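Scroll down for the structure; my scribbles are underneath it.
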Amino acid sequence: MDQNVHVLPQTFYQSTDVVHLAKQLLGKIVISDIEGKITSGIIVETEAYRGPDDKGCHAYGGRYTERTRTMYAIGGTVYVYICYGMHPMFNVVTGPEGDAHAILIRAIEPLNGAEIMLERRNMSFAKTDLTNGPGKLAVSLGITKEMNGSLLYEKESTIYIKSGNIVVEEKDIVSGPRVGMSVHVGPCAHRPWRFYIRDNPWVSKPLVVNYKW
DNA sequence: AAGAGGATGAACT
DNA sequence: GTTCATCCTCTTG
């Protein structure tokens, strides 16, 4: 194996700057190893959610419920919740225990195990909508809500993230408002905390340009 | 106990 | 462009 490729250690996730980490995750490789079925992909799109001052965050204002409990776990914990009653969302918790920050993985570019991904998605041939959305990539990687609370950095983890040889330069990172922020969120909705790799065809949807006037 | 709405996706026209 | 499938979580009463 390439010496430059290794599983991200627990320390990687401990920064309190979740916005910075959301950019750092671009180009990293997420791998699932479920009952011998190995699938992987390059992270090409992320969104940062920063409790408690971010109204877009489930843990806004320090909200602590059965669901948000996972967000307060130590950085490197997997946060999976179900959206719209059916779509699993794969998030990476960051920061020290007690800080409710997380990064939503919104799109990946498939690397290995494409046949397995296709099977999980009930598709017959690969095209970008295999993994160009948070629910889609979670299903293709076999991520379920049962993985909520598991750790990314342990050797036996069924899901983990590696650094590869892909270098994403700042100039190749596009940022914009996060997807799905309701108008009620107010100023937080405009925080440009969605990041993706410029011109990458596997990104969920192109940035919608907002004209202020 | 009930109801609203959501960090979506698929299937339509 | 639109609709709706489908259900969990949170809020309210």
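Bear in mind that the values here come from a model prediction, so they are computed numbers and not experimental data. We name chains A, B, ... by the order of the sequence lines, and we start the count at 1 in each one.
Distances shorter than 4.0 Å separate none of the side-chain N or O atoms of A/Arg63 from OP1 or OP2 on C/dT9. For C/dC8, neither phosphate oxygen OP1 nor OP2 lies less than 4.0 angstrom from any side-chain nitrogen or oxygen of A/Lys145. OP1 or OP2 of B/dA7 has not a single side-chain nitrogen or oxygen of A/Arg194 nearer than 4.0 Å. A close approach under 4.0 Å does not occur between any side-chain nitrogen or oxygen of A/Arg121 and OP1 or OP2 of B/dG9.
Here the two rings, on A/Tyr153 and A/Tyr160, have centers that are 6.0 Å apart or farther.
Of the candidate nucleotides B/dT8, C/dC8, C/dT9, C/dC8 has the atom nearest to the side chain of A/Ile82. Distances were taken from every side-chain heavy atom of A/Lys136 (C-beta onward) to each of C/dT9, B/dG9, B/dA7; the shortest belongs to B/dG9.
In this structure, A/Arg178 is positioned above the aromatic face of A/Tyr49, its NZ or CZ under 6.0 Å from the six-membered ring centre and within 45° of the axis.
Taking a 6.0 Å sphere around CG of A/Asp53, one finds it holds more than 12 heavy atoms contributed by other residues, nucleotides or ligands. Residue A/Lys145 qualifies as open at atom NZ: its count of foreign heavy atoms under 6.0 Å is 12 or below.
Residue A/Asp129 is classed as having no contact, given no heavy-atom separation below 4.0 Å to the nucleic acid.
Note: CG (A/Asn148) to C1' (C/dT9) measures 13 Å, nearest angstrom. As rounded to whole Å, 18 Å separates atom P of B/dG5 from atom OH of A/Tyr81. Taking atom CG on A/Leu130 and atom P on B/dA10, their separation rounds to 10 Å, with Å as the unit. Between A/Lys55 atom NZ and B/dA7 atom C1' the separation is 17 Å, expressed in whole Å. Rounded to a whole Å, the CZ atom of A/Arg191 is 15 Å from the C1' atom of B/dA7. For the pair A/Asn122 CG and B/dG9 P, the computed distance is 16 Å after rounding to whole Å. Atom CZ of A/Arg50 is separated from atom P of B/dA7 by 18 Å (rounded to the nearest Å). A/Arg67 places its CZ atom 11 Å from the P atom of B/dG6, with the value rounded to the nearest Å.
Between the side chain of A/His87 and the base of B/dA7 there is no donor-acceptor pair of N/O atoms closer than 3.5 Å.
Judged by Watson-Crick or G-U wobble contacts below 3.5 Å, the nucleotide B/dG3 has C/dC10 as its partner.
Counting only heavy atoms from C-beta outward, the side chains of A/Met89 and A/His87 approach each other to under 4.5 Å.
Mapping A/Tyr64 and A/Met86 onto DNA chain C by nearest heavy atom places A/Met86 closer to the 5' end of the strand.
Put simply, A/Tyr84 does not rest on the base of C/dA5: the two rings are not both less than 5.5 Å apart at their centres and under 30° in tilt.
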